[in-house]
Amino acid sequence: MPRLVCISNRVADPRKTAAGGLAVAMAEVLNDSGGLWFGWSGKLVDAYPGADGPALHLHRAGPVQLATVDLDQADYASYYVGYSNGVLWPVFHDRLDLAHFDARAVEGYRRVNQLFARKLLPLLHPDDVLWVQDYHLIPLAAELRALGCTQRIGFFLHIPLPPPSILAAIPGHDWLLKCLCQYDLVGFQAEADLDHFGRSIAVEARAQPLGEDRWRVFNRTVAAGAFPIGIDVGEFRALAEGPEAREMHERMASEYSRRKLLVGVDRLDYSKGLPQRMRAFRALLERYPETRHSATLVQIASPSREDVRAYTDILHELESLCGSINGNFGDLDWMPVRYIHRTVARARLPGLYRASRVALVTPLRDGMNLVAKEFVAAQDPQDPGVLVLSRFAGAAEQLREALLVNPHDVEGTASAIHVALTMPLEERVQRHAALLATVRATDVHWWCESFLRRLGEAESHESGTPWLRL
Ligand code: GDG
């Protein structure tokens, strides 16, 4: 078995359960192959110690080697804040209005990808298989290839890929596409993203389709596929049996014994549709007066990227909406919305999901959305809650038995929430059984295995092919 080298913006300690499902799954494949995980340490330094940039930190986590580098303030500002989260995140979520195109940011993005390539290359073995994660590192294969790396390299995009007309708005989008095509396999969350990729490389680079989602383009062959990410169902159900989840469930179930609980769990991000969700909840209370005093929405909005301006704007909008709903509808003995702007311990989440009759997962755009899958996994199959899911989440391609909504349609979402709150037990059980079967069949282990199997089958890098810079 070749050694797996995983590269991501941040490196998690795979032995810590708090790291979540992705880290657990990565740890499993990395453990099996005695693998290497490379990325940013999460630490910032004022200046690098020498001309060659940051020092490399090597740690062992069981059989897995962790290799990290620190970033200086300037690289962090341009690579992470400026380009990754100021250009790629908004545009890939169809929010051109929130993008800040700045030539210095793309330079920093390129510089950090070069730095990663330079630091990683000496650690590689000839038959390693490399798996690069997410939008921060799109040019990494190109930078590694430029240094002579011929190993097989796969890439997985955790966020959506926009349609060609939106992608084309990014200055240098042709460079991004060319960089993607330096991978041997490019993985997307959903068929819609794969379709956008095929159309973009056809229009921008006259890619020649070879069939089975393979193309001849930029003088090489690239394969792509949809590999919807899943959760670690076993790990999540074990967490649900733990003392913290049980205590949470008992506390919420007794406190809300006379009321139906709705839950939302999101990073506080403009892609998650939180203001639209609050407006839909307000419309529910207006249109269905019987829900007043009987429905409570617990919204956890965990802090995220607070150094990006658009995030403070969304925070203020959300606080004001929650305040006005509670002010207009609340009573001495009932608060319609409990809004929590803090991170809740992961061990407690399954208990909260299980105590809730309805989950509101209504992003305006989302690569997949793991909360939808966690909610399904945490339910009691004899008396399950109902998932209200945005049609614009990647998860909607798989979770067809959820109540699918258009989050821009406030009235339509309010009426779907009402259907969820009043759904008979028999229908809840049927829908949940089908959803759970899908969540189990396409868990995170399935995701890892199917991506790596396909990468193994992909044509490896043609070493004789010159790498042309745009
Ligand atoms: C990206 C893509 C894709 C949330 N609040 C708390 C908390 N969480 C956990 C959830 C879930 C995870 O964070 C969020 O996962 P999502 O999938 O919803 O979203 P992103 O963070 O945007 O992730 C997304 C994902 O990558 C994987 O490919 O699905 O589309 O955007 O696990 O439970 N966890 C804890 N406290 C919180 O307050 N402990």
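The first residue of the sequence shown is numbered 1, and numbering continues consecutively from there. Just so you know, ligand 1 is whichever comes first in the structure, and atom 1 is the first atom listed for that ligand.
- Atom numbering of ligand 1 starts at 1 in the shown order; those under 4.0 Å from a heavy atom of R267 are 20 (P), 21 (O), 22 (O).
- Legend: residues meeting side-chain contact (heavy atoms from CB on, under 4.5 Å) with D409, ordered by chain and number and at least two apart, are N406, E411.
- In summary, the aromatic rings of F116 and F38 are positioned with their centroids under 6.0 Å apart.
- No option in R391, Q189, M368, E191 other than E191 meets the side chain to side chain contact (heavy atoms under 4.5 Å, CB included) test with E397.
- Here the two rings, on F155 and W131, have centers that are 6.0 Å apart or farther.
- The heavy atom nearest to atom 18 (O) of ligand 1, out of those in K272, H341, H158, E374, is found in K272.
- Residues E401 and L435 form a side-chain contact, since some pair of their non-hydrogen atoms from C-beta on lies under 4.5 Å apart.
- The shortest N or O to N or O distance between D266 and ligand 1 is not below 3.5 Å.
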| request: Go through D174 and K178 one step at a time and tell me if the salt bridge (Lys or Arg N to Asp or Glu O under 4.0 Å) criterion holds. | output: CA-CA 6 Å; D174 43 353; K178 189 167 185 179; over 6 Å; no
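- Ligand-side atoms of ligand 1 in range of I300: 38 (O), range being under 4.0 angstrom from any heavy atom.
- Here W89 has side-chain heavy atoms under 4.0 Å from ligand 1, and that is the only part of it that gets that close.
- Below 30°, between 30° and 60°, or above 60°: for F236 and Y353 the angle between ring planes is between 30° and 60°, a tilted geometry.
- At a heavy-atom cutoff of 4.0 Å, ligand 1 is contacted by the side chain of I229 but not by its backbone.
- Remark: ligand 1 atoms within the under-4.0 Å shell around heavy atoms of R346 are 39 (N).
- The six-membered or imidazole ring of Y79 lies away from that of W40, with a centre-to-centre distance of 6.0 Å or more.
- Under 4.0 Å from ligand 1, heavy atoms of L370 appear from its side chain as well as its backbone.
- Each of the following atoms of ligand 1 lies closer than 4.0 Å to a heavy atom of Y353: 33 (O).
- Considering both main-chain and side-chain atoms, M368 comes within under 3.5 Å of ligand 1 through a nitrogen or oxygen pair.
- Ligand 1 has a nitrogen or oxygen under 3.5 angstrom from a nitrogen or oxygen of V344.
- Closest heavy-atom contact between P363 and A393: CG-CB, 3.8 Å.
- For ligand 1, one of its N or O atoms has an N or O atom of Q189 under 3.5 Å away.
- Set against the non-hydrogen atoms of G367, the atoms of ligand 1 under 4.0 Å away are 30 (O).
- For T343, heavy-atom contacts with ligand 1 shorter than 4.0 Å involve the backbone as well as the side chain.
- Close approach of ligand 1 to S302 (heavy-atom distance below 4.0 Å) involves ligand atoms 4 (C), 5 (N), 6 (C), 38 (O).
- Using a 4.0 angstrom heavy-atom cutoff, W447 does not count as in contact with ligand 1.
- Looking at every heavy atom in both residues, G273 comes nearest to L364 through CA-CG, 3.8 Å.
- In D269, neither the side chain nor the backbone holds a heavy atom less than 4.0 Å from any atom of ligand 1.
- Separation of the W447 and F156 ring centroids falls under the 6.0 Å cut-off.
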